Trainee: 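Sharing a structure below in structure tokens format, with a few things to ask.
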Amino acid sequence: MTDETVPSDIPTSRMLSWARNSAIYRLERRMMTEKHLFDAITRKAKEKFEGISAAQLKVIADFAVKFAYDNKVLDDSAYAEVSTRSAVRGGKSKRAIAQKLAAKGVSSDKVEAALEEADDLYAAAIFARKRAFGPFRRVELDEKRKAKELSAFARNGFSFDIGRKVFDMSVEDAEEVILAGRSLVPQHQRS
């Protein structure tokens, strides 16, 4: 075997250049977590560079992540905060948001910090409005419908107390909760 056929643990300058450009390309299009960027670079590098070693993959993925941090375009805390605000406005519970962020590789302390400002009552009211549940119901309430609505709140991560509270609200009270929650969101971030 010659030295040319044995994969090196050190990536070539072409590989590092590709990793930098790939990180730029990805981060220009969307916010990503450190884990998401690392995994994307690793996955694409396997496709791009035939015979790349595991050590080379790790080095170029680490290089891409470091490059992104050095240029301040990768920040798991900011990602968690933006994702949390967006998810709450979309009617997602704190529990559902925490699970999604954990799956994206955001550390638990950053998830906790991002969830401090989240309001489950506001999110549950938004959820009810989107699904036409509780105060926004357009059909007659029977036992089957009641069970369906309350279990939907639970399946989406809302506590029984929050689900029940929104379920029992009047339309005016629910709209007031939504309006009060919107006033906490900065003007430029309202949907």
Side-chain angles (χ1 to χ4, degrees), residues 1-120 122-124 126-127 130-131 152-158 185-186 188-191:
M1 245 181 169
T2 65
D3 287 341
E4 293 173 20
T5 59
V6 177
S8 169
D9 289 349
I10 301 167
T12 64
S13 61
R14 178 174 167 255
M15 289 176 180
L16 293 176
S17 179
W18 172 86
R20 183 190 67 240
N21 292 338
S22 185
I24 292 168
Y25 174 81
R26 291 169 198 303
L27 292 166
E28 279 180 340
R29 280 151 185 74
R30 72 166 50 117
M31 270 185 104
M32 299 175 97
T33 64
E34 178 180 328
K35 179 186 182 305
H36 193 203
L37 179 62
F38 185 94
D39 292 348
I41 295 293
T42 301
R43 185 180 61 253
K44 284 302 202 179
K46 283 181 191 175
E47 295 172 11
K48 178 142 181 84
F49 301 108
E50 190 176 313
I52 190 168
S53 71
Q56 287 174 315
L57 281 172
K58 181 168 178 7
V59 171
I60 66 170
D62 285 339
F63 174 81
V65 168
K66 183 182 180 328
F67 172 80
Y69 271 119
D70 290 348
N71 287 285
K72 298 179 180 19
V73 291
L74 190 64
D75 182 353
D76 282 2
S77 294
Y79 180 90
E81 289 171 17
V82 169
S83 294
T84 298
R85 280 194 305 268
S86 176
V88 167
R89 285 192 315 265
K92 303 289 185 217
S93 69
K94 286 182 177 185
R95 187 174 301 141
I97 296 166
Q99 287 175 343
K100 184 176 180 186
L101 290 173
K104 295 273 188 181
V106 179
S107 66
S108 60
D109 60 318
K110 291 177 182 172
V111 171
E112 274 183 44
L115 289 175
E116 283 179 5
E117 300 296 316
D119 181 359
D120 259 359
Y122 169 76
I126 295 288
F127 176 75
K130 286 175 103 175
R131 300 281 298 270
F153 280 110
R155 277 193 314 277
N156 285 280
F158 296 105
V185 177
H188 68 281
Q189 293 176 350
R190 291 187 191 162
S191 51

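Note that the numbering runs from 1 along the sequence shown for the chain. Only a predicted model underlies this, so the values are computations on that prediction, with no experimental measurement involved.
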Trainee: Tell me whether Lys58 at atom NZ has more than 12 heavy atoms from other residues, nucleotides or ligands lying less than 6.0 Å away.
Mentor: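 No - once you tally the heavy atoms of other residues, nucleotides and ligands closer than 6.0 Å, there are 12 at most.
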Trainee: Is the side chain of Ser83 donor-acceptor paired with the backbone N or O of Tyr79 at a distance under 3.5 Å, no angle test?
Mentor: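 Pair found, side chain donor or acceptor close to backbone of Tyr79.
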Trainee: Starting from the C-alpha separation in whole Å, work towards a yes-or-no answer on side-chain contact (heavy atoms from CB on, under 4.5 Å) for Arg14 and Trp18.
Mentor: CA-CA 6 Å; Arg14 178 174 167 255; Trp18 172 86; 5.7 Å; no
Trainee: Measure across Ala61 and Ile41 and return the closest heavy-atom pair with its distance rounded to 0.1 Å.
Mentor: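 Nearest pair, atom of Ala61 first, then Ile41: CA-CG2, 3.8 Å.
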Trainee: Can you check side-chain contact (heavy atoms from CB on, under 4.5 Å) on Phe38 and Asp62, steps first, answer last?
Mentor: CA-CA 7 Å; Phe38 185 94; Asp62 285 339; 3.1 Å; yes
Trainee: Apply side-chain contact (heavy atoms from CB on, under 4.5 Å) to Glu117 and Val88, showing your working.
Mentor: CA-CA 10 Å; Glu117 300 296 316; Val88 167; over 6 Å; no
Trainee: Just by modelled atom types, is the Gly105 backbone N or O under 3.5 Å from a matching donor or acceptor in the Thr33 side chain?
Mentor: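 Here the side-chain-to-backbone pair does not exist.
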Trainee: Could you state the interatomic distance from CG (Leu57) to CG (Asp9), rounded to the nearest 0.5 Å?
Mentor: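 Spacing of CG (Leu57) from CG (Asp9) equals 11.0 Å.
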Trainee: What are the two closest heavy atoms between Phe158 and Gly91, and how far apart are they?
Mentor: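 Taking Phe158 first and Gly91 second, the nearest heavy atoms are CZ-O, 3.5 Å.
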Trainee: Taking NZ, NE, NH1 and NH2 as the nitrogens, is one of them in Asp39 or Arg43 under 4.0 Å from a carboxylate oxygen of the other?
Mentor: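 Arg43 and Asp39: not salt-bridged.
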Trainee: Taking all non-hydrogen atoms of both residues, which atom of Val106 and which atom of Ala80 are closest, and how far apart?
Mentor: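 Taking every non-hydrogen atom into account, CG1-CB, 4.1 Å.
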Trainee: Output the distance between atom CG (Leu115) and atom NZ (Lys110), rounded to the nearest 0.5 Å.
Mentor: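 Answer rounded to 0.5 Å: 14.5 Å.
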Trainee: Could you give the distance from NZ (Lys92) to CG (Asn156), rounded to the nearest 0.5 Å?
Mentor: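 Answer rounded to 0.5 Å: 6.5 Å.
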Trainee: Tell me whether the count of non-hydrogen atoms from other residues, nucleotides or ligands lying under 6.0 Å of CZ in Arg30 goes above 12.
Mentor: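 Open.
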Trainee: Do you know which two heavy atoms are closest between Lys130 and Gly90, and how far apart they sit?
Mentor: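 Scanning both residues completely, I find the closest heavy atoms to be NZ-O, 3.0 Å.
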Trainee: Under 3.5 Å, side chain of Ser17 to main-chain N/O of Ser13, donor-acceptor pair present?
Mentor: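 Such a contact is absent between Ser17 side chain and Ser13 backbone.
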Trainee: What's the spacing between Leu101 CG and Glu81 CD if we round to 0.5 Å?
Mentor: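 These two atoms lie 10.5 Å from each other.
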Trainee: Could you tell me which residues satisfy side chain to side chain contact (heavy atoms under 4.5 Å, CB included) with Glu28, sequence neighbours excluded, listed by chain and number?
Mentor: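 Partners of Glu28 under the side chain to side chain contact (heavy atoms under 4.5 Å, CB included) test: Ile24.
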Trainee: Which heavy-atom pair separates Ala87 from Ile97 by the least distance, and what is that distance?
Mentor: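 Reported closest heavy-atom pair: CB-CG1, 3.5 Å.
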Trainee: Working to the nearest 0.5 angstrom, can you tell me the gap between Arg155 CZ and Ser93 OG?
Mentor: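 Interatomic distance, Arg155 CZ to Ser93 OG, rounded to 0.5 Å: 12.5 Å.
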Trainee: Carefully, step by step, assess Gln56 and Phe49 under the rule side-chain contact (heavy atoms from CB on, under 4.5 Å).
Mentor: CA-CA 10 Å; Gln56 287 174 315; Phe49 301 108; over 6 Å; no
Trainee: Please tell me if the side chains of Arg89 and Tyr122 come closer than 4.5 Å, counting only heavy atoms from C-beta onward.
Mentor: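 Yes, close enough: below the 4.5 Å cut-off.
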Trainee: Would you compute the distance between atom OG of Ser22 and atom NZ of Lys44 and round it to the nearest 0.5 angstrom?
Mentor: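 Separation between the atoms: 8.0 Å.
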Trainee: Could you list the donor-acceptor pairs under 3.5 angstrom formed by side chains in residues 63-78, with sequence neighbours left out?
Mentor:
unit_1	atom_1	unit_2	atom_2	d
Lys66	NZ	Asp70	OD2	2.7
Tyr69	OH	Glu34	OE1	2.8
Asn71	ND2	Phe67	O	2.9
Asp75	OD1	Ser77	N	3.0
Asp75	OD1	Ala78	N	3.4
Asp76	OD1	Glu34	N	2.9

